[in-house]
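A short write-up of the structure that comes next.
These values consider heavy atoms only, across backbone and side chains, with no hydrogens, waters or symmetry-generated copies.
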There are 2 protein chains.
Amino acid sequence: MIKNIQQRYHHGDLRTSLIKATVEMINKQGVEAITMRSLSNWVGVSRTAAYRHFSNKVDLLTATATEGFKQFSLALRVARLDYSEDELGRFRLMGQAYVQFAIEHSAYYGLMFSDASIQKTDAFDEASSAAFTELVDILVTLQEANKIKTEDPKMQANFVWSLMHGFSSLLINGKLQHIDDLSKEMTYLDQKIMASLVE
Amino acid sequence: MIKNIQQRYHHGDLRTSLIKATVEMINKQGVEAITMRSLSNWVGVSRTAAYRHFSNKVDLLTATATEGFKQFSLALRVARLDYSEDELGRFRLMGQAYVQFAIEHSAYYGLMFSDASIQKTDAFDEASSAAFTELVDILVTLQEANKIKTEDPKMQANFVWSLMHGFSSLLINGKLQHIDDLSKEMTYLDQKIMASLVE
DNA sequence: TAAAAAAGTAGACATCGTCAACATCGAGGA
DNA sequence: TCCTCGATGTTGACGATGTCTACTTTTTTA
């Protein structure tokens, strides 16, 4: 007779489940509320089971942030491959996708850019710079097609990235005042970026 | 005979000392390393003495962040009152002062914008929005003097603030790649902001 | 100057991260 | 088929931490 899933000794895919549980718990209660015990309990496993998959709590959180960056890069890439738009339109879609990801996955986003709860690893750096590369790439392409100014693309990327990250994180933390119409605010930013990059 | 300061039963100005110690410890070891016990020990006081001045750890960190915002506002205001420059020049000085504060007081800055370690209070919100007001104010003044475009100053402020905050926090966390010349990078941003705001 | 308020201390306890030792399971070679 | 071994999960234990309670010492005030 096959045992009930909840009662099996071996969980099956504990590593993935723990990361999912971490994201859910951050969304509901914030990072500070995360404990190895409550996490294990939530997943239905004993206190120290997580240590078979992560060397410690920081390692688990870092892995979660790394996973976040992967999904983030994916979201940006999806926007970049929307061929119903021209290249410049796709670039603007990426901007929308950026903010949308930050809002919809604020737990991930906060963790990804929190220096406190995380300790950088090679995997983390790789996932994190992949997202940045996504941005530099399209800027280079746009320059080659003469759609935007010819400037150091890394500087352009730092500019756009700073603006997007600043806006998203201030928005998430409720530090931007008097925003009744988000899309209006984003349109404003879009105009500023376009004016800054287009000749 | 007057007792040695270190041996006095009453510390004298424990509240202030604790906040200072918090800043120092964050600078040296990061927020995670902060414990009530090590903090008290550092200041030369017993474990629970801090609880006479702060209701708990979060309260202490929030008070520290609030103090950070006060000094931050002050730094912005000092730049704004540099009358060797005209109004537009002072606005640009504020931008430099912003990034400079973030770099020189990265412990403060990280804490001020960390939603994890802090819990908003009235005093915190007040100090935090004072800094924002500093920015809106000068934008209004610049508009009235016809130095920049006439637009919703709050939107302009959100734009500038997002850019400054994004750049500063990415810079602090080492997420901006290939920055060998910081002043060159800041000049680039300055040009973008000017082009965006000036008619 | 006496009494109360303010500031600091020590004991105690629940919770947390995590190490060590032990238990159970699944896969593959004898 | 059985046996063994590596992977995975469990329980016990311990030191560190936040913070409550009760007590002590100093300062303020009436």
For the pair A/K154 and A/L139, evaluate side-chain contact (heavy atoms from CB on, under 4.5 Å) and give the outcome as yes or no after the intermediate values.
-> CA-CA 9 Å; A/K154 277 172 200 140; A/L139 286 171; over 6 Å; no

Classify the angle between the aromatic ring planes of A/H165 and A/F113 as parallel (below 30°), tilted (30 to 60°) or perpendicular (above 60°).
-> tilted

Measure all distances between protein nitrogen or oxygen atoms and nitrogen or oxygen atoms of nucleotides 3-6 of chain C, and list the pairs falling under 3.5 Å.
none

Would you mind telling me which residue lines up with the more 5' stretch of DNA chain C, B/R37 or B/D13, judged by nearest nucleotide?
->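 Looking at DNA chain C, the more 5' nearest nucleotide goes with B/D13.
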
N-O pairing of B/R92 and B/D190 below 4.0 Å |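 Yes.
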
Between A/K192 and B/E151, does at least one N-O distance fall below 4.0 Å, as a salt bridge requires?
->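 Answer for the salt bridge query: yes.
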
In whole Å, I'd like the distance from the [atom1] atom of [X] to the [atom2] atom of [N].
X: A/L39; N: C/dT15; atom1: CG; atom2: P; answer: 18 Å
X: B/N41; N: D/dG18; atom1: CG; atom2: P; answer: 13 Å
X: A/M36; N: C/dC19; atom1: CE; atom2: C1'; answer: 13 Å
X: B/E32; N: D/dT17; atom1: CD; atom2: P; answer: 13 Å
X: B/L14; N: C/dT9; atom1: CG; atom2: C1'; answer: 13 Å
X: A/L18; N: D/dT8; atom1: CG; atom2: C1'; answer: 12 Å

Taking the side chain as every heavy atom from C-beta outward, state whether B/L135 and B/L76 have any pair of such atoms under 4.5 Å apart.
-> no

So do A/I193 and A/M164 actually touch side chain to side chain, heavy atoms under 4.5 Å?
-> yes

Can you sort out the partners of A/F124 under ring-ring contact (aromatic ring centres under 6.0 Å, His included), two or more places apart, ordered by chain and number?
->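 Checked A/F124 against ring-ring contact (aromatic ring centres under 6.0 Å, His included); matches are A/F69.
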
Pull out every residue in residues 46-62 of chain A that has a heavy atom closer than 4.0 Å to any atom of DNA chain D, ordered by number, or say none.
->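 Contacts with DNA chain D under 4.0 Å: A/S46, A/R47, A/T48, A/A49, A/R52, A/H53.
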
Determine whether the aromatic ring centres of A/W161 and B/F167 lie less than 6.0 Å apart.
-> no

